[in-house]
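Taking it in order: structure first as structure tokens, then the write-up.
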Amino acid sequence: MRYAETGFNLEIDLSRGSIERVETDSRLTELHLGGLGTNSKILWDRVPPETEPFSPDNLLIFGTGLLCGTPAPGANRTIITTYSPQTLYMGYSMMGGFLAPELKYAGYDKVIFRGKSPNMVYLWINNDKVEIRDASHLRGKGAVETSEIIRRELKDPKAQVAAIGLAGENRVYMASIEQGRSSASRLGLGAVMGDKGLKAVAVRGTKDINIARPAEFMQLCNEVLQYIKVRAPNLIPEVMPILAGLGSPQEMAHYDEKWHTENFMWGNARVRRKEFWNDEIEKMWKNTLESVRTRLISCYNCPMKCGAIISVPGISTYMMKCFTKLTYAMAAFAEDSEFGFKIAQQATEYGVDGFSMPQTMAFAFELKEAGILTDADFEGCPTDKEGRFYWLLDRIVRREGIGDVLADGTYWAAKQIGKGAEEYAHNNIKKHEQLPLKLGMLNPIYFLMYCTGEKSNITQIEGNFPQAPFSTLELKEAFVKDWVQAPNDRFKQYVLDWEFRGEHSMPFYPPPEACCEIVEWQEKMHHIDDALGLCAGLSSFPLKPPYHIHNLPLFISAATGMDMDEDGLTHIFNRNRNLVRAINVRRGLRRADEKPPEDHWKKRFPELETKLLDTYYAFKGWNQDGIPTKESLQALGLDYVAEDFLKRGILTNEDRAFSNETASETEEK
């Protein structure tokens with residue numbers, strides 16, 4: 001008997017129209033857990049690095065986390081994996097909602113798509129009955145509208161549906177996959193889904209999930225729920241609202257957007273408006289939010305209410321995603337507080353990333369103002385701030401005119417436009433738009449996370465460590481006193497010693513070795529969540545969450561019957577992390593690609609930045625180009641990766657892990 005997982009995947013070949021139920025190897029669970037871990041292994045094994053994102057041979061994997069469908073609160077994430085058309089590296093994104101538990105209850109841990117359907121189709125999974133159905137009548141329909149039509153068609157209002165909109169159909173690089181109360185937005189996963197002719201995946205399941213030690217597991221779940229009751233209302237002082245409490249994040253519950261509107265950049269991540277937020281704006285914003293927010297909602301089996309049902313008069317009701325109430329309004333310099341809620345509804349139906357799309361539109365209007373794009377490119381475009389954004393959103397999603405160029409995102413669009421456009425595509429890492437955030441002093445921890453993160457989304461790397469020092473010793477001591485989530489006492493000392501000024505301040509504190517530890521820990525927690533299917537809002541993202549490195553091994557052991565401890569879980573994280581790295585290295589990722597935007601921080605320190613990256617590579621057991629060494633890979637049981645790297649000439653037998661001594665030798669030469 002398999003515990004916590006079903007032990008079966010669905011293999012769908014869209015070219016042939018075939019469906020196969022395949023039993024999986026339990027050894028893979030021991031090595032990689034589930035979710036992102038096993039998705040990565042499948043991608044490594046079955047998709048050669050030469051494969052193009054829009055090739056029939058590229059896979060699109062809908063994976064459930066190992067704990068999805070169990071009583072673990074917040075275990076509901078679907079992890080979708082493919083090769084990204086935007087970065088050309090491995091793309092993966094998580095979405096909450098109800099799809100992953102429903103898929104487990106139907107009897108499957110993953111759905112793996114390959115090939116391309118000659119006609120538009122959707123997949124209907126109803127326990128053991130699986131069908132590829134015609135979706136020609138859904139072409140051009142919105143993502144939310146598609147889900148509603150499919151439920152009516154199936155006569156099953158409880159069916160969970162993940163769908164693409166027009167952006168996915170037209171292979172817009174910013175296309176998302178929408179699923180009721182969440183979406184997989186980053187890295188163009190919706191574009192790959194559209195390229196395969198797959199409009200939606202609908203699931204209904206009524207089977208059970210087995211737990212190895214149910215009484216022990218339920219006790220752990222109850223402890224998490226009790227902790228949430230105490231922790232959620234007790235906010236941590238001097239911390240921004242989305243980190244002070246719990247949630248992923250609970251943006252729709254907050255009225256005060258002073259921090260975001262003053263620190264996030266407006267337009268194409270260019271302008272900071274320190275004067276914007278005032279009492280009048282706050283009152284208007286609060287009134288607008290309260291008038292359009294019908295109710296706060298949760299994902300499957302979660303006590304937090306991080307999302308909201310939005311009903312603006314005259315447009316369809318929808319679920320708002322995260323910061324999209326801000327991103328479009330700030331990109332357009334819109335004063336109308338309703339604008340963000342209105343355009344986000346249309347963007348959700350189209351199915352697009354709420355961070356990349358607004359930046360791309362603002363980028364286009366910057367190019368027009370600079371004379372790089374002309375009036376002819378914007379023929380028919382309204383002149384008002386809000387109207388021109390609606391107009392351009394529609395053009396991009398339909399790939400019409402200049403929208404066809406912009407649909408590939410700012411990096412690729414700038415290359416095609418030329419004439420100096422590259423200077424305006426200034427907020428990319430690994431060809432992908434980042435949060436519209438520009439700061440003053442270099443933050444060494446975030447420098448490493450921005451450089452080395454491979455999800456191209458900083459919120460999926462940052463988390464359990466404070467973003468800035470506390471102002472007083474009393475606050476520091478109060479924070480570390482009950483910081484049970486800290487991996488060891490060194491981290492508590494880092495917080496106690498951290499200052500705003502002096503030798504223990506940024507950019508030279510924390511020192512490089514400590515920065516590596518902190519980054520490693522935060523990334524570890526996210527990778528574990530992505531393998532288990534846990535919401536980051538209850539684990540890796542906020543400060544002092546209910547799930548942490550000390551209790552997660554207990555959950556895994558009780559759920560699966562495997563003997564898991566902290567060292568074993570850390571070993572699996574390192575294996576999964578290095579496998580993701582290896583997939584991208586095999587597709588060309590090197591040290592030269594690992595750099596933040598030039599203008600991300602006003603004050604930069606090139607020598608320190610070099611040392612930080614040197615130290616991090618040595619810490620990870622990678623060589624000076626950021627490639628895991630043969631010895632490091634073998635220690636993690638990734639011998640097959642080492643052999644592949646040697647065969648391809650990516651590594652030689654002389655390659656060794658980078659170190660400070662290696663750096664000194666390089667400098668001397």
Side-chain angles (χ1 to χ4, degrees), residues 54 60 62 78 80 82 84-86 91 93 95 97 99 113 117 119-123 133-153 159-202 307 309-310 312 315-322 324 327-328 340-358 360-361 389-400 403-404 406-409:
F54 292 139
L60 180 67
F62 283 67
T78 307
I80 304 178
T82 190
S84 166
Q86 191 163 32
S93 188
M95 62 183 179
L99 187 76
F113 295 96
S117 173
N119 304 301
M120 184 158 284
V121 297
Y122 74 89
L123 185 71
R133 292 191 164 200
D134 176 66
S136 57
H137 60 300
L138 300 173
R139 184 178 295 278
K141 302 292 186 184
V144 179
E145 181 185 11
T146 293
S147 298
E148 293 170 351
I149 293 172
I150 287 175
R151 288 193 189 96
R152 289 197 300 268
E153 199 171 279
Q160 301 302 319
V161 184
I164 58 170
L166 193 57
E169 291 182 28
N170 290 331
R171 304 198 314 185
V172 173
Y173 286 11
M174 296 163 280
S176 59
I177 302 171
E178 302 291 329
Q179 197 271 305
R181 303 187 179 189
S182 190
S183 72
S185 292
R186 303 292 272 174
L187 296 162
L189 306 184
V192 175
M193 187 164 166
D195 179 66
K196 291 188 175 299
L198 180 66
K199 181 66 175 180
V201 177
I309 298 296
I310 302 297
V312 181
I315 64 175
S316 300
T317 297
Y318 71 104
M319 183 271 185
M320 174 160 269
K321 299 184 290 188
C322 193
T324 47
T327 53
Y328 289 97
F341 293 102
K342 291 177 180 177
I343 195 170
Q345 185 273 341
Q346 187 171 329
T348 300
E349 284 287 15
Y350 280 149
V352 293
D353 178 358
F355 282 108
S356 292
M357 181 60 81
T360 301
M361 290 193 288
F389 259 61
Y390 283 113
W391 181 88
L392 190 55
L393 173 64
D394 191 66
R395 294 302 182 280
I396 292 173
V397 166
R398 296 180 186 278
R399 282 191 174 269
E400 294 176 353
D404 188 33
L406 296 169
D408 293 347

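Quick caveat: nothing in here was measured; it's all calculated off a predicted structure.
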**Asked** Which atom names give the shortest non-hydrogen contact between Glu178 and Ser183, and what distance separates them?
**Response** OE1-CB, 3.3 Å

**Request:** Sorted by first residue and then second, give each salt bridge (charged side-chain N to carboxylate O under 4.0 Å, His left out) pair with at least one member in residues 161-177; sequence neighbours left out.
**Result:** Glu169-Lys199, Arg171-Asp195

**Request:** Could you check Tyr122 against Glu153 for side chain to side chain donor-acceptor pair (under 3.5 Å), going step by step and ending with a plain yes or no?
**Result:** CA-CA 12 Å; Tyr122 74 89; Glu153 199 171 279; 2.6 Å; yes

**Prompt:** Any donor and acceptor pair, going by atom type alone, linking the side chain of Thr360 with main-chain N or O of Leu406 inside 3.5 Å?
**Reply:** no

**Full working for side-chain contact (heavy atoms from CB on, under 4.5 Å) between Tyr328 and Lys342** = CA-CA 10 Å; Tyr328 289 97; Lys342 291 177 180 177; over 6 Å; no

**Message:** Rounded at 0.5 Å granularity, tell me how far CD1 in Ile149 sits from NE2 in His137.
**Reply:** 6.5 Å

**Asked** Does the pair Ile310 and Gln345 meet the rule for a side-chain contact (heavy atoms from CB on, under 4.5 Å), with working shown?
**Response** CA-CA 9 Å; Ile310 302 297; Gln345 185 273 341; over 6 Å; no

**Asked** Roughly how far, to the nearest 0.5 Å, is NZ of Lys196 from OG1 of Thr82?
**Response** 6.5 Å

**Value rounded to 0.5 Å, distance of CG in Asp134 from CE in Met120** = 10.0 Å

**Prompt:** Rounded to the nearest 0.5 Å, how far does CE of Met357 lie from OG1 of Thr324?
**Reply:** 13.0 Å

**Message:** Less than 4.5 Å apart, side chain to side chain, heavy atoms only: is that true for Phe62 and Met95?
**Reply:** yes

**Request:** Decide yes or no on side-chain contact (heavy atoms from CB on, under 4.5 Å) for Tyr350 and Val172, but give the supporting numbers first.
**Result:** CA-CA 10 Å; Tyr350 280 149; Val172 173; over 6 Å; no

**Request:** Evaluate the side-chain proximity of Gln179 to Ser147: yes if any heavy-atom separation is below 4.5 Å, no if none is.
**Result:** no

**Message:** I'd like to know if the side chain of Ser117 reaches the main chain of Gly197, judged simply by a donor and an acceptor atom lying under 3.5 Å from each other, with no hydrogens or angles considered.
**Reply:** no

**Request:** Go through the steps for Phe113 and Met193 under the test side-chain contact (heavy atoms from CB on, under 4.5 Å), then give the verdict.
**Result:** CA-CA 9 Å; Phe113 295 96; Met193 187 164 166; over 6 Å; no

**Prompt:** Between Asn170 (side chain) and Val397 (backbone), is there a donor-acceptor pair under 3.5 Å?
**Reply:** yes

**Request:** Output the distance between atom CZ (Arg139) and atom OG1 (Thr146), rounded to the nearest 0.5 Å.
**Result:** 11.5 Å

**Prompt:** Just wondering, do Met320 and Phe341 contact through their side chains at under 4.5 Å, heavy atoms?
**Reply:** yes

